[in-house]
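Okay, structure first, notes after.
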There are 2 protein chains.
Amino acid sequence: MEEMGKKCDCDQCQLKTLFFSHIGTDELSDICEIKREENFAPGEILINEGEPIREFIYLKEGLVKLSKRTKNSKEQILSFSKPFDFVSLLSVFSSDIYKYSVTALQPTTICMINLEVVKIFAQRNAMFAMDLMSRISEATDKIILDNLEIKRKNLKGRVAHLLIYFADNIFNNSEFELPVSRREIADYIGMTTENVIRALSEFRKDKIIKIYGKDIQVLDMQRLEIISELG
Amino acid sequence: MEEMGKKCDCDQCQLKTLFFSHIGTDELSDICEIKREENFAPGEILINEGEPIREFIYLKEGLVKLSKRTKNSKEQILSFSKPFDFVSLLSVFSSDIYKYSVTALQPTTICMINLEVVKIFAQRNAMFAMDLMSRISEATDKIILDNLEIKRKNLKGRVAHLLIYFADNIFNNSEFELPVSRREIADYIGMTTENVIRALSEFRKDKIIKIYGKDIQVLDMQRLEIISELG
DNA sequence: ATTAGGACATGATAATTATCACACGATAAT
DNA sequence: ATTATCGTGTGATAATTATCATGTCCTAAT
């Protein structure tokens, strides 16, 4: 968790157009002055469930998991998020404490702005507020739709779904390094670790994927898609 | 689906304070002029998945289900909503077509306002926009949290969870008439109809509930809660 | 160097859930 | 009146998933 960025490069920020598109250049430099950038190594916790929400946070770079702890302290994973799928947005306007934890899975950079400042901006600039709303809706809609998809599949279908998700949405490559453990996959799809491992092993035996530890190579995407669809 | 309400009684509306609290009396009478009220009988469809979103809709009275159709045309139920848990909000700002269907389970009254008008209000009145955001976040947070709860439970725990939900959140009574079929319960908790029936039968045999068709009487709420928690 | 713990892996067995078959009553359609 | 359909209900059996046991490999801690 290392402090960064004194210089104001917000106008260079790739994310600027995404949800600051309705903020003028002068206002943007104001934001630039007060924003803070932070880096997190894989495994580091960005946000801890139960903490008060003080900052508005968005993902600039990296990959994170959103999770929640059950009463018997097991972890349930809600979603994985990359830049543009926002993070702190979820509970920001419905609660004053975080309902979910956020943990880095890959080296991650976030940008933080004091929440009160964002609220003032939103009150002054309705188009900005509308943009925020769209982002909230999109992020939560994704989570809800994805969870529905997973719910209707069986073990193999769920694991296939996840592999396709990483290949197509996160890495844009049929070969990638799993950024999560087998247990995390289990916590996400709602099955046991053993069964996740078994499903992966079967995919390997059926020559649908190759496995070298965390490295996955999808050999037969078509079959994986069929399994995800019918499973 | 019967047209209603010419007279402007928005200032009498119980919901007014909830999300129109930042709209002045003069603006409110403008809204009142353009709003439309509609009634739906149980089983009638308020919103059909795939339809364009033209109206901003909120529940004034009644009970609805939010659902989505899978590719093999099975129904998945996302949530049940009563007034204050908003409805059309979900996809309103993230898409221009509805991603979910909404169906009345009990006699239901909705209030509709042209979406463009609402957007103009939101742009003019930032506090109103902030209120809207809170509502969206709350509604979606509820769905996400509830689905997580269900995910970690087994068959009996899920059925118990649903019974408690109806008793405590919808009817405020340990005795109530199920507003849904056994199949709809199954579509909600992600199990088969037969197993939902079996779970209910077992609760009956164990004297935890009484069943007269759709009428349910919870005899032992404590035991039901234990089942919901541990199940 | 040794120990402890965690991630990955596999097999055996138990528990849970789905599927199929059948039945009955109510209701809608003709 | 009769057929068809749907919701409810139960039992038998099959399929799926969880649990428990065990082992290996790797890494962190001492």
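Below, chains carry the letters A, B, ... as their sequence lines are ordered, and counting in each starts from 1.
For A/Lys214 and C/dA7, the shortest distance from a side-chain N or O to OP1 or OP2 is not below 4.0 Å. For B/Arg182, a side-chain nitrogen or oxygen approaches OP1 or OP2 of D/dG9 to under 4.0 Å.
In this structure, A/Phe171 and A/Phe176 have parallel ring planes: the angle between them is below the 30° cut-off, well short of the 60° mark.
Between B/Ile150 and B/Leu162 the shortest side-chain heavy-atom distance does not fall below 4.5 Å. Here the side chains of A/Phe203 and A/Val159 are in contact, with some heavy-atom distance below 4.5 Å. Residues A/Glu37 and A/Ile110 form no side-chain contact, since every pair of their non-hydrogen atoms from C-beta on lies 4.5 Å or further apart.
The nearest whole Å value for the distance from the CZ atom in A/Arg183 to the C1' atom in C/dA9 is 16 Å. Atom pair B/Phe203:CZ and D/dG9:P shows a separation of 14 Å (rounding to whole Å applied). Straight-line distance from the CD atom of B/Glu75 to the P atom of D/dC6: 14 Å, rounded to whole Å. Taking atom CG on A/Asp215 and atom P on C/dC8, their separation rounds to 12 Å, with Å as the unit. Distance CG (B/Asn154) to P (C/dA18): 11 Å, rounded to an integer number of Å. Atom pair A/Ile185:CD1 and C/dA7:C1' shows a separation of 12 Å (rounding to whole Å applied). The separation between A/Leu155 atom CG and D/dA18 atom C1' is 11 Å, rounded to whole Å. Separating the CG atom of A/Asn72 from the C1' atom of D/dA18 is a distance of 15 Å, rounded to the nearest angstrom.
B/Lys99 places no side-chain N or O within 3.5 Å of a backbone atom of A/Asp141 that could act as its donor or acceptor partner. Between the side chain of B/Asn48 and the backbone N or O of B/Glu51 there is no donor-acceptor pair closer than 3.5 Å.
The stretch residues 187-202 of chain A comes close to DNA chain C through A/Glu194, A/Ile197, A/Arg198, A/Ser201, each having a heavy atom under 4.0 Å from the strand.
Residue B/Arg204 is classed as a sugar-phosphate contact, given heavy-atom separations below 4.0 Å to backbone atoms only. B/Lys156 comes within 4.0 angstrom of nothing in the nucleic acid, heavy atoms only.
Between A/Lys142 and A/Glu138 no salt bridge is recorded (no basic side-chain N to carboxylate O distance below 4.0 Å).
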